[in-house]
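Note that these values count all heavy atoms, side chains included, but never hydrogens, waters or copies made by symmetry.
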Amino acid sequence: MIELNIPGRGVLQLEHLVCDVSGTLSLDGNLPEGLARQLRNLRDRLVIHLITADSHGRQHLIDEQLGITAVRIARGDEGEQKAAFVRSLGAQRVVAIGQGANDASMLKEAALGICVLSREGICVEALLAADLVVPDIFAALELMEKPMRIVASLRR
């Protein structure tokens with residue numbers, strides 16, 4: 001668990017990391033080098049969940065690379081499916097990371113929503129739903145390793 005005491009916001013006790021895959025973790029269905037290692041390093045603090053519509057049909061390969069079986073969502077109302085998954089974990093204990101239109105609801109629902117800039121682009125709806133915006137997935141995951149950066153950005 002990661003516990004954050006954010007002045008003006010309160011205490012967050014984060015137990016789950018929910019990551020979108022396409023555009024957030026992967027580009028064109030491929031993981032960037034070093035990402036698997038960075039995710040593995042977080043497993044002692046957070047339960048890691050992947051959630052995807054499997055846009056590129058390569059999720060089975062990503063699952064193998066990361067040793068995590070992603071939750072597959074059905075086509076249609078994808079944003080609500082992702083938000084419902086976050087709620088099922090206890091939204092107040094979730095940090096969510098995404099960048100697409102179908103990520104906006106889960107970013108808003110989670111205790112902490114992080115939007116990543118992506119070579120695929122970023123949906124304005126996701127940007128506005130997030131608590132933080134970072135340049136890439138590596139920066140987002142680094143915040144989990146150095147959580148005082150989150151406090152510094154969100155304190156009021």
message = Tell me every residue that passes side-chain hydrogen bond (donor to acceptor under 3.5 Å, both in side chains) with Glu64, counting only those two or more places apart in sequence or in another chain.
response = none
inquiry  = Show me the pairs that pass ring pair (Phe, Tyr, Trp, His ring centres under 6.0 Å) and involve residues 11-36, at least two apart or across chains.
reply    = His16-His49
inquiry  = Show every side chain to side chain donor-acceptor pair (under 3.5 Å) that has at least one partner inside residues 146-156, sequence neighbours left out.
reply    = Glu142-Arg149
task = Check salt bridge (Lys or Arg N to Asp or Glu O under 4.0 Å) between Glu78 and all other residues, then give those that pass, not counting sequence neighbours.
result = none
key: Smallest separation among heavy atoms of Ala140 and Ile97, with atom names   = CB-CD1, 3.9 Å
task = Quick one: which residue pairs count as a side chain to side chain donor-acceptor pair (under 3.5 Å) with a foot in residues 81-91, not counting sequence neighbours?
result = Asp20-Lys82, Glu80-Arg87, Lys82-Asn102, Lys82-Asp103, Arg87-Glu109
query = Does the side chain of Ser26 come within less than 4.5 Å of Ile62's, by heavy atoms?
reply = yes
remark   = With sequence neighbours left out, the residues meeting side-chain hydrogen bond (donor to acceptor under 3.5 Å, both in side chains) with Glu125 are none
For Glu145, all residues meeting salt bridge (Lys or Arg N to Asp or Glu O under 4.0 Å), sequence neighbours excluded = none
message = Tell me every residue that passes salt bridge (Lys or Arg N to Asp or Glu O under 4.0 Å) with Arg72, counting only those two or more places apart in sequence or in another chain.
response = Asp63
request  = Scan for ring pair (Phe, Tyr, Trp, His ring centres under 6.0 Å) pairs involving residues 97-135, sequence neighbours excluded, and state none if there are none.
outcome  = none
ask   = Residues two or more places apart in sequence or in another chain: which of them pass salt bridge (Lys or Arg N to Asp or Glu O under 4.0 Å) with Arg9?
value = Asp131
note = Note: Ile2 and Arg45 closest approach over all heavy atoms is CG1-CB, 4.1 Å
What side-chain donor-acceptor pairs closer than 3.5 Å can you find for residues 28-39, not counting sequence neighbours?
| unit_1 | atom_1 | unit_2 | atom_2 | d |
| --- | --- | --- | --- | --- |
| Asn30 | OD1 | Arg58 | NH2 | 2.8 |
| Asn30 | ND2 | Asp28 | O | 3.4 |
| Gln38 | NE2 | Phe138 | O | 3.2 |

task = Would you mind listing the cluster partners of Val86? Hydrophobic ones only (ILVMFWY), side-chain contacts under 4.5 Å, chaining allowed.
result = Val18, Ile51, Val71, Ile73, Phe85, Leu89, Val94, Met106
